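Beneath this line is the structure, given in structure tokens, with notes to follow.
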Amino acid sequence: LPNERNSQVGGGAPANAYIPLPTATATVLRRDGRRGVMTVETGLDIADGALMERAARGGDRLAGYAVLGAFGPAGDREFEVFNIAVDPDFQGRGLGRALLAEMLAVADAESAPVLLEVATGNIAARTLYESHGFSVVGLRRNYYRPSGEDAYAMVRSAVIGGSGPQPGEPAAFPEEA
């Protein structure tokens, strides 16, 4: 249930557009060396009918997913893109762009900034993020394990007034070839 610690992200799709997934639990090592446990209740909340239809084309396969974290109380929230992934068989169809647009609509509805990290070698992803208003604000050395690859920290400032598509509105994406 939504509250300040566990906020629903995705705009409240109709019940038939929400697909619960298993709860994920992991032991994490904090920067100060202490261990902690992170539990995340996961699900797919696809309010955009066109995106739901496109995702359904994967049949029993998951064509792609995105994870957006919300931090802080309502009215003073910031968001972080934890992950966007698209199955290689479904890449090049605009699904990643549509997933990002849906997540940005959630942040825009609250006029909140969005943060993310992207591998320095992932030019396609960085170009996508830059095309949506993200800027590189720092470098995180040895961010990815076990490869040790560096990551760029990127931020997209708050969009005041939520000028982008609102959660559940169709996201714009190119036609399939």
Side-chain angles (χ1 to χ4, degrees), residues 1-15 17-32 34 36-52 55 64-86 95-119 122 125-140 143-144 151-173:
L1 297 175
N3 62 40
E4 289 183 14
R5 288 185 37 220
N6 180 16
S7 176
Q8 176 181 348
V9 176
Y18 182 78
I19 304 165
L21 297 173
T23 299
T25 303
T27 301
V28 295
L29 182 62
R30 298 181 176 148
R31 290 178 192 243
D32 64 5
R34 295 182 303 141
V37 175
M38 178 177 71
T39 301
V40 180
E41 293 182 21
T42 60
L44 302 175
D45 185 0
I46 305 176
D48 179 344
L51 182 58
M52 183 71 165
Y65 68 92
V67 181
L68 180 68
F71 302 94
D76 189 26
R77 208 180 307 277
E78 66 181 39
F79 292 87
E80 183 171 352
V81 174
F82 289 136
N83 204 344
I84 298 176
V86 177
L95 183 56
R97 182 174 298 276
L99 289 167
L100 177 61
E102 184 72 15
M103 289 191 296
L104 294 178
V106 172
D108 291 350
E110 296 195 36
S111 299
V114 182
L115 311 150
L116 60 83
E117 285 87 14
V118 62
N122 192 343
R126 193 171 107 208
T127 301
L128 172 66
Y129 298 140
E130 288 172 343
S131 75
H132 280 82
F134 284 86
S135 300
V136 173
V137 295
L139 178 68
R140 300 192 191 280
Y143 182 78
Y144 291 100
Y152 289 118
M154 301 184 78
V155 67
R156 178 178 177 265
S157 298
V159 174
I160 307 302
S163 64
Q166 298 304 302
E169 289 182 4
F173 46 81

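Worth saying up front: this structure is predicted, and the values here are computed from it rather than measured.
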Worked check of side chain to side chain contact (heavy atoms under 4.5 Å, CB included) between Met103 and Ile84:
CA-CA 10 Å; Met103 289 191 296; Ile84 298 176; 3.5 Å; yes
Nearest 0.5 Å, what's the CG-CG distance between Leu99 and Leu68?
11.5 Å
How long is the gap from CE on Met154 to CD on Glu130, to the nearest 0.5 Å?
4.5 Å
CG of Leu100 to CG of Leu95, rounded to nearest 0.5 Å, is 11.5 Å
Shortest non-hydrogen separation from Arg97 to Ser131 and the atoms involved:
NH1-OG, 3.3 Å
Rounded to the nearest 0.5 Å, the CG atom of Asp76 sits from the CZ atom of Phe71 at a distance of 13.5 Å
Under a 3.5 Å distance rule, please check whether Ser157 uses its side chain to pair with a backbone N or O of Pro113 as donor and acceptor.
no
I'd like to know whether Asp108 forms a side chain to side chain contact (heavy atoms under 4.5 Å, CB included) with Arg156, so could you lay out the CA-CA distance, the side-chain angles of the two residues, the decisive distance to 0.1 Å, and finally the verdict.
CA-CA 10 Å; Asp108 291 350; Arg156 178 178 177 265; 2.8 Å; yes
Find out whether Phe134 and Val155 are in side-chain contact, i.e. whether some heavy atom of one side chain is under 4.5 Å from a heavy atom of the other.
no
Provide the closest heavy-atom pair for Glu110 versus Gly75 in the form atom of the first, atom of the second, distance.
OE1-N, 4.3 Å
When you measure from the side chain of Arg126 to the backbone of Val118, do you find a donor-acceptor pair of N or O atoms at a distance under 3.5 Å?
no
Provide the closest heavy-atom pair for Ala70 versus Arg77 in the form atom of the first, atom of the second, distance.
CB-CD, 3.6 Å
So, for Phe82 and Gly69, which heavy atoms are closest and what is the spacing to 0.1 Å?
CE1-CA, 3.5 Å
Side chains of Phe79 and Leu104: does their closest heavy-atom pair fall under 4.5 Å?
no
